[in-house]
**Q** 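Shown below is the structure under consideration.
Values below: all heavy atoms of this structure, side chains included; hydrogens, waters and symmetry mates excluded. Keep in mind the model is a prediction, meaning the values are calculated, not measured.
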Amino acid sequence: MSEWAWPARRGWFVLGEVPGPDVDEFAEADQVIAALARPGAADGTLLAVQHPSQTPAALAAAQPLAATLPAARRTLDQLRATAYQEADDVVAAYRVTGGDGTALGVLCLIDPAAVDANGLARVRHSEQVYPDVVEERAAVLAGLGAATSAAMLLPVAEGPALTDLIRATIDGIGAPAVSTTDSAGRRHDLWPIGPGATQDALLTAVQRHPLLVADGNHRVAAASHLPSLLALVTAGPDLHIGAINRCLHDTGLTLADLVAAWHQAGLTTRAPEPPRLGTVLVETPADAISVDLPPVTHDEPQPRIDHGTVENVLIKAALGIDPEGPHVRPLPANREPATGYDAVLHIAPVPFADVLRVHEQGRRMPRKSTYFTPKPRSGLFLADLTS
């Protein structure tokens, strides 16, 4: 078997808490900007390194991303010298536990361009992406020369065997080298593992089957021209898939406007109820309704993923709004929309069986259609990507 997963030649583990605000990877630009605007948040923090063009100083000077990256790299060097401990040729066993599940995994580097003997990708994207987000992430990765957060990848088979191996590994080591709790109350533990039989066994297990991108499709795409990708390879054992809704902003549309447009497009609306597959719950600040999605046609790929129908039929065709434009924002379930929103289109979570079927067919899910939790925490482990 050719090698397509390997240890970080140079890696750094956080010594205490991640320096700076704890902002979820899903955060919108305005949330990052607000976090960096807090006193001291933009001074020597990892969040400022990850989003250097969103700091107050960069925004005030209207600096493009490229102009902010040299200073960001210097700050990263300072952080690695003061807030992190270097460990070379290392992987890590990882455990995250919280109210939204438990995941045991292996943090390591993956070749994002690896293919098998049949020319099929070892790392297989699960969702479509926003090209502008990929471009920005690629520029940051190249400019920093390091990964500060990991994509989450799932093996397509034999997941329990990987989980059992990781559990036995950490039980044999004892106390973790890194243990911290994030702002949502999840516990994150890390066990660095250097060269030897244990590391070899973990890397062999990671490479046994192709890996599906559960979280971090944009990071994986951004790393496509780099020699490696930082990833957490995990099979749970207790992963959850939450819904990612769509929020309409600054459209000027009322619920009556939405209903009229959807009726004109031949859609049926009725009294509000929780979303299920084939239906959408639409909530505005004043009222709510449910919308039935059009029936699946005989020539439509199945399983249908409702997020694509919502974007293409309800938003683009009926409302004339670009789903990739500024008026449509993805919003994970159970999160509050930004102030001044027009409507939230609540979509039922995608069953994991449907995710696997789409993957087996060689298709991609619509962008931002699955929200796997619990996820690895950004900033616990940094990996050099230049060697």
**Q** Is there a donor-acceptor pair under 3.5 Å between the side chain of Thr234 and the backbone N or O of Gly236?
**A** yes
**Q** Could you measure the distance from the CG atom of Leu211 to the CZ atom of Arg122? Nearest 0.5 Å is fine.
**A** 9.0 Å
**Q** Any sub-3.5 Å donor-acceptor pair from Asp250's side-chain atoms to His327's backbone N or O?
**A** no
**Q** Donor-acceptor pair, Glu135 side chain versus Pro131 backbone, under 3.5 Å?
**A** no
**Q** Are the side chain of Gln199 and the backbone of Gly194 linked by a donor-acceptor contact shorter than 3.5 Å?
**A** yes
**Q** Looking only at heavy atoms, what is the nearest atom pair of Leu59 and Ser53, with distance?
**A** CD2-O, 3.5 Å
**Q** Is there a donor-acceptor pair closer than 3.5 Å between any side-chain N or O of Trp191 and the backbone N or O of Gly174?
**A** yes
**Q** Say whether Asp287 and Thr284, considering side chains only, have a donor N or O and an acceptor N or O under 3.5 Å apart.
**A** no
**Q** Do Val328 and Tyr341 belong to the same hydrophobic cluster, where Ile, Leu, Val, Met, Phe, Trp and Tyr are linked whenever their side-chain heavy atoms lie under 4.5 Å apart, directly or via other members?
**A** no
**Q** Restricting to non-hydrogen atoms, name the atom on Ala8 and the atom on Ala383 that form the minimum distance, rounded to 0.1 Å.
**A** CB-CB, 4.3 Å
**Q** What is the minimum heavy-atom distance between Ala5 and Gln207, and which atoms define it?
**A** N-OE1, 3.3 Å
**Q** Test Met365 against His307 for side-chain contact (heavy atoms from CB on, under 4.5 Å), laying out the working first.
**A** CA-CA 9 Å; Met365 306 271 289; His307 294 72; over 6 Å; no
**Q** Which distance, rounded to the nearest 0.5 Å, do you find between the OG1 of Thr204 and the CG of Leu162?
**A** 11.5 Å
**Q** Give a yes or no answer on whether the side chain of Gln85 reaches the backbone of Phe13 with a donor-acceptor pair at less than 3.5 Å.
**A** no
**Q** With a sphere of 6.0 Å drawn around CG of Asp171, does it hold more than 12 non-hydrogen atoms of other residues, nucleotides or ligands?
**A** yes
**Q** Is Leu76 linked to Tyr84 within one hydrophobic cluster, defined over Ile, Leu, Val, Met, Phe, Trp and Tyr using a side-chain heavy-atom separation of less than 4.5 Å?
**A** yes
**Q** Walk me through it: do Ser179 and Arg187 pass the test side chain to side chain donor-acceptor pair (under 3.5 Å)?
**A** CA-CA 7 Å; Ser179 188; Arg187 191 73 182 177; 2.7 Å; yes
**Q** Using a 6.0 Å cut-off, check whether atom CD of Glu300 has over 12 heavy atoms from anything other than its own residue.
**A** yes
**Q** Quick one: do Val96 and Ile170 end up in the same hydrophobic cluster if we chain Ile, Leu, Val, Met, Phe, Trp and Tyr together by side-chain heavy atoms under 4.5 Å apart?
**A** no
**Q** Take Tyr94 and Leu380 through the side-chain contact (heavy atoms from CB on, under 4.5 Å) test and state the conclusion after the steps.
**A** CA-CA 10 Å; Tyr94 187 108; Leu380 294 185; 3.8 Å; yes
**Q** Is the side chain of Trp262 donor-acceptor paired with the backbone N or O of Leu314 at a distance under 3.5 Å, no angle test?
**A** yes
**Q** Test: side-chain hydrogen bond (donor to acceptor under 3.5 Å, both in side chains). Region: residues 60-77. Which pairs qualify, not counting sequence neighbours?
**A** Asp77-Arg80
**Q** Do Ser378 and Gln50 have side-chain atoms, one donor and one acceptor, less than 3.5 Å apart?
**A** yes
**Q** Checking Thr279 side chain against Pro275 main chain: does a donor-acceptor pair fall under 3.5 Å?
**A** no
**Q** Can you name the closest pair of heavy atoms from Ile244 and Ile347 and give their distance?
**A** O-CD1, 4.0 Å
**Q** Among Asn217, Asp215, Thr370, which residue meets the side chain to side chain donor-acceptor pair (under 3.5 Å) test with Ser126?
**A** Asn217
**Q** Applying ring pair (Phe, Tyr, Trp, His ring centres under 6.0 Å), which residue pairs with at least one partner in residues 212-242 are found, sequence neighbours left out?
**A** Tyr130-His218
**Q** Please determine which of Val355, Leu356, Asp354 meets the side-chain contact (heavy atoms from CB on, under 4.5 Å) test together with Pro303.
**A** Asp354
**Q** Would you check, one step at a time, whether the test side-chain contact (heavy atoms from CB on, under 4.5 Å) holds for Glu283 with His346?
**A** CA-CA 8 Å; Glu283 288 188 324; His346 297 271; 2.9 Å; yes
**Q** Would Glu17 and Arg377 pass as an ion pair if we require N to O under 4.0 Å?
**A** yes
**Q** Let me check something: do Val233 and Leu104 share a hydrophobic cluster, defined by ILVMFWY side-chain heavy atoms less than 4.5 Å apart, either directly or through other members?
**A** yes
**Q** Donor-acceptor pair, distance only, cut-off 3.5 Å: does the side chain of Glu127 make one with the backbone of Ser369?
**A** yes
**Q** State, with a plain yes or no, whether a side-chain heavy atom of Thr198 is found less than 4.5 Å away from one of Thr169.
**A** yes
**Q** With rounding to the nearest 0.5 Å, note down the distance linking CZ in Arg363 to CD1 in Ile305.
**A** 6.5 Å
**Q** Can you name the nearest heavy-atom pair linking Leu226 to Pro112, along with the distance?
**A** O-CG, 3.9 Å
**Q** In chain order, what residues pass the side chain to side chain contact (heavy atoms under 4.5 Å, CB included) check against Asp384, with sequence neighbours excluded?
**A** Arg10, Trp12, Thr386, Ser387
**Q** Using the rule that two of Ile, Leu, Val, Met, Phe, Trp, Tyr join whenever any of their side-chain heavy atoms come within less than 4.5 Å, decide whether Val206 and Leu154 are in one cluster.
**A** no
**Q** Would you please test Asp257 and Thr254 for side chain to side chain donor-acceptor pair (under 3.5 Å) and show each step?
**A** CA-CA 5 Å; Asp257 297 328; Thr254 66; 3.1 Å; yes
**Q** Keeping the roles fixed (side chain from Asp89, backbone from Pro7), state whether a donor-acceptor pair exists under 3.5 Å.
**A** no
**Q** With rounding to the nearest 0.5 angstrom, report the CG to CG distance, Leu385 to Leu229.
**A** 8.0 Å
**Q** Please lay out, stage by stage, how Leu230 and Ile110 fare under the test side-chain contact (heavy atoms from CB on, under 4.5 Å).
**A** CA-CA 6 Å; Leu230 178 61; Ile110 299 286; over 6 Å; no
